[in-house]
Protein chains: 2
Amino acid sequence: MTVTLADVAARAQVSPATVSRVLNGNYPVAASTRERVLRAVDELDYVLNGPASALAAATSDLVGILVNDIADPFFGIMASAIQAEIGGPGGRAGGERLAVVCNTGGSPERELTYLTLLQRQRAAAVVLTGGAVEDAPHAAAVAAKLRKLADAGTRVVLCGRPPAPDTEAVALTFDNRGGARALTDHLIGLGHRRLGYIAGPEERTTTRHRLEGHRAALAAAGIEEDPRWTVHGRYDRRSGHEATLELLRRDPSLTAIVAANDSVALGACAALRESGLRIPEDVSVAGFDDLPFSIDAVPSLTTVRLPLAEAGARAGRIAMGREEPPPGGIAAVRGELMVRGSSGVPRE
Amino acid sequence: MTVTLADVAARAQVSPATVSRVLNGNYPVAASTRERVLRAVDELDYVLNGPASALAAATSDLVGILVNDIADPFFGIMASAIQAEIGGPGGRAGGERLAVVCNTGGSPERELTYLTLLQRQRAAAVVLTGGAVEDAPHAAAVAAKLRKLADAGTRVVLCGRPPAPDTEAVALTFDNRGGARALTDHLIGLGHRRLGYIAGPEERTTTRHRLEGHRAALAAAGIEEDPRWTVHGRYDRRSGHEATLELLRRDPSLTAIVAANDSVALGACAALRESGLRIPEDVSVAGFDDLPFSIDAVPSLTTVRLPLAEAGARAGRIAMGREEPPPGGIAAVRGELMVRGSSGVPRE
DNA sequence: CATCGGACAGCAAGCGCTTTCTAGATGGGG
DNA sequence: CCCCATCTAGAAAGCGCTTGCTGTCCGATG
């Protein structure tokens with residue numbers, strides 16, 4: 001029924017071993033023989049059996065990319081960059097690898113299951129993107145999994161994620177703390193003293209780091225933070241909308257709102273506008289990430305640009321062994337403050 | 001080194017066959033035996049070898065999702081919905097499948113290569129999303145590939161993509177023509193007579209269908225189209241920005257601009273604003289797709305909502321054989337006109 | 001009490017490929 | 001002119017799992 005290596009070998013009048021060697025190209029085969037084999041492959045329309053070769057060679061050409069939310073451009077951009085370097089079809093890399101992205105939906109269990117699935121497939125490499133969940137047992141489970149993957153020869157790279165201790169995983173970490181600090185510093189510099197903060201989900205590292213940076217800026221300026229000024233939500237627009245209304249209810253005198261990311265900031269803008277407040281005359285708004293749509297917002301969004309594509313590309317290259325990992329296996333990727341129209345001098 | 005089925009069997013004092021049956025659960029195994037096996041699996045931290053079982057069973061649990069651009073929420077939303085139904089970890093489905101998304105970047109060659117890679121992996125199903133390229137040889141090559149995949153037992157579903165003739169592939173097609181028609185009808189109804197159109201890349205089905213719908217509306221209203229009113233570009237914001245400036249240069253008297261999709265529309269809005277034109281007082285703008293950010297634009301975008309998530313979910317279920325394919329293997333998915341602030345009565 | 005059928009468990013034959021080791025050529029140097 | 005180094009191709013042993021078929025044990029049946 002299906003064409004096998006043996007069929008090709010028969011047609012080309014060589015042994016299966018030779019066909020295999022032609023296809024893998026890592027063993028000398030005479031040019032004439034090679035050509036004969038390739039012709040047979042073509043004529044029979046032969047397609048290598050992936051599982052069989054993975055089994056025999058004890059390695060596969062699968063590379064996994066884990067993302068929290070595939071519908072979010074934040075992850076889409078990174079995934080795209082990673083994949084381009086992994087070299088799926090058409091990539092810069094030579095061999096054809098199946099770069100696959102797995103959507104964890106932010107759930108720790110799914111993350112673990114995907115990791116197991118990739119381990120099961122004997123993946124060549126795995127790149128984990130996005131913040132981790134701050135749950136000790138889960139973190140330990142993930143670390144154990146990563147260790148096992150590394151043992152099995154799978155290269156592990158973390159992109160935009162804190163390092164995993166006791167692991168061989170290379171980590172490219174975003175400097176969320178520093179970016180948030182710079183952002184709030186900017187707002188304080190404009191004269192703001194009462195700043196609302198819409199944070200992400202409580203248990204995520206990204207959430208915590210950004211919040212810490214924000215608070216560090218407040219502390220440095222001698223501003224005592226009012227607990228009512230912080231609201232937690234999800235990393236989406238809707239959440240920003242709701243949280244803003246809540247903040248406004250709690251303290252109508254806020255002059256600035258700092259959001260966990262750009263989507264949240266956009267939701268905040270909508271809520272402010274609906275409440276009859278002008279941006280930035282009445283309230284300044286700031287986001288984080290600098291996704292493509294942020295510059296198109298009206299007014300355009302003040303935010304922190306994260307080099308998502310660059311970091312992803314680098315992670316991809318490291319995963320493929322085409323770039324040296326950073327010393328110590330850890331590198332911090334810095335963000336850049338982008339001051340735009342949504343932030344201004346506070347009223348009064 | 002690595003733990004194998006045989007190791008587990010030895011530890012549980014049963015034969016490898018029994019362990020396999022416990023793990024696959026499709027053969028009667030006494031409860032006590034099963035428990036003993038599971039304990040051994042746990043103690044040894046055993047992970048099934050995917051390639052080996054795929055080889056032996058001649059099937060794998062891999063499901064491929066092809067998208068044009070993973071960084072575009074249009075595809076992200078569909079992919080997410082498909083994946084949720086495929087049942088990757090945590091999905092509704094029972095078995096654990098590795099749902100993987102492959103980024104073709106809109107390139108026909110990559111698309112083909114990914115298809116081959118999936119065929120090589122003996123994928124259980126493949127879902128192709130997004131418009132196809134209108135190139136006869138390529139279309140034929142894809143059709144041939146899809147036929148081969150189907151022959152090998154891979155279920156093939158097209159989501160938001162025109163049917164592939166002579167193929168067993170099930171197609172869930174977006175009614176781009178109808179949506180575009182309704183959108184332009186709306187604009188004409190408001191009184192617009194000079195409408196610019198920013199189309200997508202020339203050779204894509206989606207581009208052509210939307211443009212045809214637009215032109216049908218013009219024709220029905222007896223409006224003769226000026227060739228200068230159409231500009232082709234890519235499906236991104238930047239393209240919308242450039243194309244709008246070009247349209248304005250060609251004919252400053254345009255009162256409406258219809259964009260190939262929402263991202264393009266946003267770019268158009270930015271360009272109009274920079275040119276000192278108000279939306280919709282001076283120029284109305286319309287998009288397509290109704291992505292999440294469209295409602296947040298200022299003014300919010302008049303567009304056509306495509307039920308991306310619903311269509312993706314359905315495609316996923318069909319791919320898993322959990323839902324009957326539509327009669328004839330083809331179903332049209334209709335869009336819904338969303339009239340918002342960016343469209344209004346033309347000036348003068 | 002002998003027999004029969006059902007419920008489990010094991011044997012062993014592959015699945016299609018890779019790779020080590022071996023063998024046959026070939027050709028150049030001593 | 002023979003031998004050895006160099007190339008190239010083949011034989012065959014798995015890789016780790018699934019599954020058809022064959023047994024075995026046991027309670028139920030006549």
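The chains referred to below are lettered A, B, ... by the order of the sequence lines, with proteins before strands, and numbering in each begins at 1.
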**Rounded distance (Å) that lies between atom C1' of D/dG16 and atom CG of B/L48** = 9 Å
**Message:** For A/K145 and A/Q119, which I'm curious about, is there any donor-acceptor pair between the side chains at under 3.5 Å?
**Reply:** yes
**Asked** Closest heavy-atom contact between A/A164 and A/L146?
**Response** CB-CD1, 4.2 Å
**Prompt:** CD of A/Q121 versus P of D/dG16: gap in Å, rounded?
**Reply:** 15 Å
**Item:** Where protein sits on nucleotides 8-15 of chain C, one letter per nucleotide: B base, S sugar-phosphate only, - none, heavy atoms under 4.0 Å
**Value:** SBBB--BB
**Prompt:** Nearest 0.5 Å, what's the CD-CG distance between B/E111 and B/L128?
**Reply:** 6.0 Å
Distance-only check: which donor-acceptor pairs under 3.5 Å involve side-chain atoms of residues 130-142 of chain B, not counting sequence neighbours?
unit_1, atom_1, unit_2, atom_2, d
B/E134, OE1, B/R208, NE, 2.7
B/E134, OE2, B/R208, NE, 3.0
B/E134, OE2, B/R208, NH2, 2.7
B/D135, OD2, B/H138, N, 3.3
B/H138, NE2, B/P108, O, 3.2

**Asked** Out of curiosity, A/I65 CD1 to A/I86 CD1, how far, rounded to the nearest 0.5 Å?
**Response** 5.5 Å
**Asked** Do you see a donor-acceptor pair shorter than 3.5 Å between the side chains of A/S15 and A/T18?
**Response** yes
**Prompt:** Over how many whole Å does the gap from A/L23 atom CG to C/dT19 atom P extend?
**Reply:** 13 Å
**Asked** About how many Å separate CG of B/N103 and CG of B/L66, when rounded to the nearest 0.5 Å?
**Response** 9.0 Å
**Whole angstrom value for the distance that separates P of D/dG16 from CG of B/N24** = 17 Å
Between protein and nucleotides 25-28 of chain C, what N or O pairs are separated by less than 3.5 Å?
none

**Complete:** Tightest non-hydrogen contact, residues B/I70 and A/G76, listed as CG2-O, 3.4 Å
